[in-house]
Number of protein chains: 2
Amino acid sequence: MINYTDILREHNLKATPQRLAIANTLYTNGHITIDSLYEVMVEKFNAISLATIYKNINLMLENSFIKEVKLPNAKSVYELTQAPHSHLVCTKCSAIEDITIDLNSIIDTVTKTSSFKVDSTNLVLSGICKKCSNN
Amino acid sequence: MINYTDILREHNLKATPQRLAIANTLYTNGHITIDSLYEVMVEKFNAISLATIYKNINLMLENSFIKEVKLPNAKSVYELTQAPHSHLVCTKCSAIEDITIDLNSIIDTVTKTSSFKVDSTNLVLSGICKKCSNN
DNA sequence: TTATTAAATGATAAAAATTATCATTTAAAT
DNA sequence: ATTTAAATGATAATTTTTATCATTTAATAA
Ligand SMILES: [Mn+2]
Ligand SMILES: [Mn+2]
Ligand SMILES: [Zn+2]
Ligand SMILES: [Zn+2]
């Protein structure tokens, strides 16, 4: 159980018990949908409102405390903001893995060939994870 | 005005006037949201139902006649299925450009370092387009 | 052609997802 | 301890998407 009080405040977010729990849920689960997050949160706060989940997710996104990951053929998942990274998604078991890939050579090529200035990247690779290729 | 009758049928879709119009709208506009597509379609069929748009978009996705492109901080856009390609999105003017990038070296690296078998890629690069960097 | 039929459409209701409102509570700063 | 702006929970409202169903129509074959 990590204490996210200071990090929340650094992102201009009051450190409420609900937000601390959201942060820890994201830390524990890695990537989670709104629905799953709500389910987990109800365990911890039996009277929490779904509106609180939505409001906090939106605020946390605006303040870059979390990031949204849009996946093909699935609902978005949310994660704590970390160093930029890409995602591997298994089409069999839906597992999501983080992976750090150096995209600089690609960005350079794009810059040269299209005169488009790349600021950020979003890469999702779909396929079969290690576990599923064995089973 | 391209005639999409045969191509629709190849995808097991009856060539209705509404579907032919959707296909041509996608061909003309390139990438379009559900809302914009509906607006354009109402011009051509003043009594078209929004349900028809949704049902056709979903069917066309299932039959791979079209693809969905999920963008950061924006609604999904839809496009006719083409050769796999990536997207450039301008954060100033929201313009979307197609770009073909060879990702094989990246896929190879991922396969070797993570034993994950990559089947398909989804890459969106955000930044400033040529037009916006000049203005 | 005309007849047949499964599928598509449009109108609408229903459901699901998200946001707005507001009285009450609370975190954070005095 | 007081103050206050913000957060929460309850709920309504809105938005988005899907389901239902009577009617129409595209595709096939007589
Ligand atoms: Mn991640
Ligand atoms: Mn495209
Ligand atoms: Zn798997
Ligand atoms: Zn631009």
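Nothing here was measured: the structure is a model prediction, and the numbers come from that model. Chain naming here is simple, since letters A, B, ... match the order of the sequence lines and numbering starts at 1 in each.
Per the geometry, NZ belonging to A/Lys75 stands 13 Å off C1' belonging to D/dT18, to the nearest Å. Here D/dA7 presents its P atom at 13 Å from CG of A/Leu20, a figure rounded to the nearest Å. Atom OH in B/Tyr38 sits roughly 15 Å away from atom C1' in D/dT18 (whole-Å rounding).
Hydrophobic clustering of Ile, Leu, Val, Met, Phe, Trp and Tyr side chains at less than 4.5 Å, counting indirect connections, unites A/Val118 with B/Ile106. B/Val89 and B/Tyr78 fall into different hydrophobic clusters, where Ile, Leu, Val, Met, Phe, Trp and Tyr residues are linked whenever their side-chain heavy atoms come under 4.5 Å apart, directly or through other members. Cluster membership check: B/Leu20 shares its hydrophobic cluster with B/Leu61, using side-chain heavy-atom separations under 4.5 Å among Ile, Leu, Val, Met, Phe, Trp and Tyr. Residues A/Ile107 and B/Leu123 are members of one and the same hydrophobic cluster, defined by side-chain heavy-atom contacts under 4.5 angstrom among Ile, Leu, Val, Met, Phe, Trp and Tyr.
Annotation: proximity of residues 40-62 of chain A to DNA chain C (heavy atom, distance under 4.0 Å) is found for A/Leu50, A/Ala51, A/Tyr54, A/Lys55, A/Asn58, numbered in ascending order. For the contact set between residues 8-19 of chain A and DNA chain C, defined by any heavy atom under 4.0 Å, the members are A/Arg9, A/Lys14, A/Ala15, A/Pro17.
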List the steps and the verdict of side-chain contact (heavy atoms from CB on, under 4.5 Å) for B/Lys44 and B/Thr25. CA-CA 10 Å; B/Lys44 304 178 183 178; B/Thr25 302; 3.0 Å; yes
Could you go through the side-chain contact (heavy atoms from CB on, under 4.5 Å) check for B/Leu88 and A/Ser114 one step at a time? CA-CA 10 Å; B/Leu88 305 176; A/Ser114 74; 3.8 Å; yes
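When the side-chain contact (heavy atoms from CB on, under 4.5 Å) test is applied to A/Asp35, the partners found at least two apart in sequence or on another chain are A/Thr33, A/Lys75.
Side-chain N or O atoms of B/Lys70 include one that pairs as donor or acceptor with a backbone N or O of A/Leu71 at under 3.5 Å.
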